Amino acid sequence: MAEPTPTDPKPPSTISLRAPSKYLADPSNPPATTLNEPFVAPPLAWLWRTWAVTHSTLRMWRSARNVRITYKPYEPVAGANDNVVEYEKQGGKGGVKRVEGIEKPDPKVPSAWTWRGKGLLAIASSHWEVLGWGERPLLGGAVGDMGDDVERWAVTWFAPTLFTQEGVDIYSDRKEGLSKETVDGIIKALKELKDAPKLVELVEKHMQEVEISLPWKEGKKS
């Protein structure tokens, strides 16, 4: 994970989300969040880590567990990510499934990328955006995966493709997931996205926990 720079914005301690760009009249203008504040994009150095997917509206995670996504810098392109998704089948049978791709930044929408798969998946692509991010203190003396007393969270939105409907994921930087207070706050904010009524309906009907069963099985190293 890259070190933050002095010019990077401080991670928000409150939970607020923006609507996806597809619901906005002018996606290039910074949208207001659910707290009526301008959206501030997370620094790439903050995003570059491994995230556990704790909740999702996407059907493809219903039969999976220990879903995690690792973002790293993709050096040939400024602002691009090397993306690795790993997951296990429910019940723990089999090894770790792995999907790799490269993500190039959207030139018009902040904190948004177009993903394209590697190898045989090079024909597949998708668009995704960060709707919100932040850090919150852990209560009761708990310690995060970075050895500190905070939990980091993010909410991502995936545009519909030929094969999947649009979807929302909730991320945690802790393998065991987020605290109930943080999850409740995120879902509450998702339901307050007045500019995206279809997304609110999607969250209300289809947001579910993604199974976490520690320890993770280890996949191959990059």
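Just so we're clear, the structure is a prediction, and the values are computed from it rather than from any experiment.
- Rounding to the nearest 0.5 angstrom, the gap separating the CD atom in E204 from the CD1 atom in I187 is 11.0 Å.
- At least one side-chain heavy atom of Q90 sits under 4.5 Å from a side-chain heavy atom of E211.
- Looking at K217, its side chain does come within 3.5 Å of a backbone N or O of G92 through a donor-acceptor pair.
- Rounding to the nearest 0.5 Å gives a distance of 10.0 Å between CD of E181 and CG of L138.
- D82 and Y74 get closest at one heavy-atom pair: N-CB, 3.8 Å.
- Here the straight-line distance linking atom CG of N81 with atom CD1 of I69 works out to 11.0 Å at 0.5 Å rounding.
- A salt bridge links E100 to R98: one of the charged nitrogens lies within less than 4.0 Å of a carboxylate oxygen.
- The backbone N or O of V168 sits less than 3.5 Å from a side-chain atom of T57, completing a donor-acceptor pair.
- Checking side-chain atoms of D106 against main-chain N and O of A112 turns up no donor-acceptor pair under 3.5 Å.
- Around NZ of K118, the count of heavy atoms belonging to other residues, nucleotides or ligands within 6.0 Å exceeds 12.
- Side-chain atoms of K97 and E86, non-hydrogen and from C-beta on, never get closer than 4.5 Å to each other.
- A distance of 8.0 Å separates CG in L139 from CD in E151, rounded to the nearest 0.5 Å.
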Would V183 and H55 count as a side chain to side chain contact (heavy atoms under 4.5 Å, CB included) here? Give the steps. CA-CA 9 Å; V183 172; H55 295 70; 3.6 Å; yes
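- Note that K175 lies in the cation-pi zone of W216, set by a 6.0 Å cut-off to the ring centre and a 45° limit from the axis.
- Of all the heavy atoms in M207 and S56, the pair that sits closest is SD-N, 3.5 Å.
- Under the 4.5 Å side-chain heavy-atom criterion for grouping Ile, Leu, Val, Met, Phe, Trp and Tyr, L131 is not connected to V53 through any hydrophobic cluster.
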Please walk me through it: do D173 and V150 pass side chain to side chain contact (heavy atoms under 4.5 Å, CB included)? CA-CA 10 Å; D173 76 322; V150 300; 5.9 Å; no
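- Annotation: cation-pi pair R49/W51 present, NZ/CZ under 6.0 Å from the ring centroid and within 45° of its normal.
- Both V85 and L58 are part of a single hydrophobic cluster, where members link through side-chain heavy atoms under 4.5 Å apart.
- Nearest heavy atoms, S13 versus R136: O-CG, 3.7 Å.
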Pair V155-W133, side chain to side chain contact (heavy atoms under 4.5 Å, CB included): steps then yes or no: CA-CA 6 Å; V155 177; W133 63 289; over 6 Å; no
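- Rounding to the nearest 0.5 Å places OG1 of T164 at 10.0 Å from CD of E166.
- A 4.5 Å side-chain heavy-atom check between I186 and L178 finds at least one atom pair inside the cut-off.
- The local environment of CZ in R59 is sparse, with at most 12 non-hydrogen atoms from other residues, nucleotides or ligands closer than 6.0 Å.
- Checked for salt-bridge contact, K108 and D26 miss the test: no charged N lies under 4.0 Å from a carboxylate O.
- Contact of the V210 side chain with the R65 side chain is not registered, since no non-hydrogen atoms from C-beta on lie closer than 4.5 Å.
- Linking Ile, Leu, Val, Met, Phe, Trp and Tyr residues whenever their side-chain heavy atoms come within less than 4.5 Å leaves W48 and I102 in two separate clusters.
- Taking the side chain as every heavy atom from C-beta outward, T114 and E103 never approach each other to under 4.5 Å.
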Do Y71 and W128 pass the ring pair (Phe, Tyr, Trp, His ring centres under 6.0 Å) test, and can you show the C-alpha distance, the side-chain angles, and the key distance before you say yes or no? CA-CA 13 Å; Y71 301 102; W128 72 278; 5.3 Å; yes
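- L199 and L24 fall into different hydrophobic clusters, where Ile, Leu, Val, Met, Phe, Trp and Tyr are joined by side-chain heavy atoms under 4.5 Å apart, directly or via other members.
- P9 is listed as a side-chain neighbour of P43, based on a closest heavy-atom distance under 4.5 Å.
- Taking CG from L214 and CG from N66, the interatomic distance works out to 6.0 Å, rounded to the nearest 0.5 Å.
- The pair E88-R68 meets the salt-bridge criterion, with a side-chain N (NZ, NE, NH1 or NH2) lying under 4.0 Å from an Asp/Glu carboxylate O.
- Ring pair W61/Y87: centre-to-centre distance below 6.0 Å.
- Between V200 and L190, the closest side-chain pair of non-hydrogen atoms is not below 4.5 Å.
- The two residues K188 and E192 come nearest to each other via the heavy atoms NZ-OE2, 2.6 Å.
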Can you give me every donor-acceptor pair (side chain of residues 15-22, partner residue at least two apart or in another chain, under 3.5 Å) with its distance?
| from | atom 1 | to | atom 2 | distance (Å) |
| --- | --- | --- | --- | --- |
| R18 | NE | V130 | O | 2.8 |
| R18 | NH1 | P110 | O | 3.2 |
| R18 | NH2 | P110 | O | 2.8 |
| R18 | NH2 | S111 | O | 3.2 |
| R18 | NH2 | V130 | O | 2.8 |
| S21 | OG | E129 | OE2 | 2.4 |

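- Taking both residues in full, the closest heavy atoms of T161 and S126 are given as CG2-CB, 4.0 Å, listed atom of the first, atom of the second, then distance.
- Side chains of E135 and W46 form a contact here, defined as non-hydrogen atoms less than 4.5 Å apart.
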Taking it one step at a time, do H127 and W113 satisfy side chain to side chain contact (heavy atoms under 4.5 Å, CB included)? CA-CA 6 Å; H127 172 89; W113 292 265; over 6 Å; no
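- Put simply, L202 and M60 are part of two different groups of oily side chains (I, L, V, M, F, W, Y) that touch within less than 4.5 Å, one to the next.
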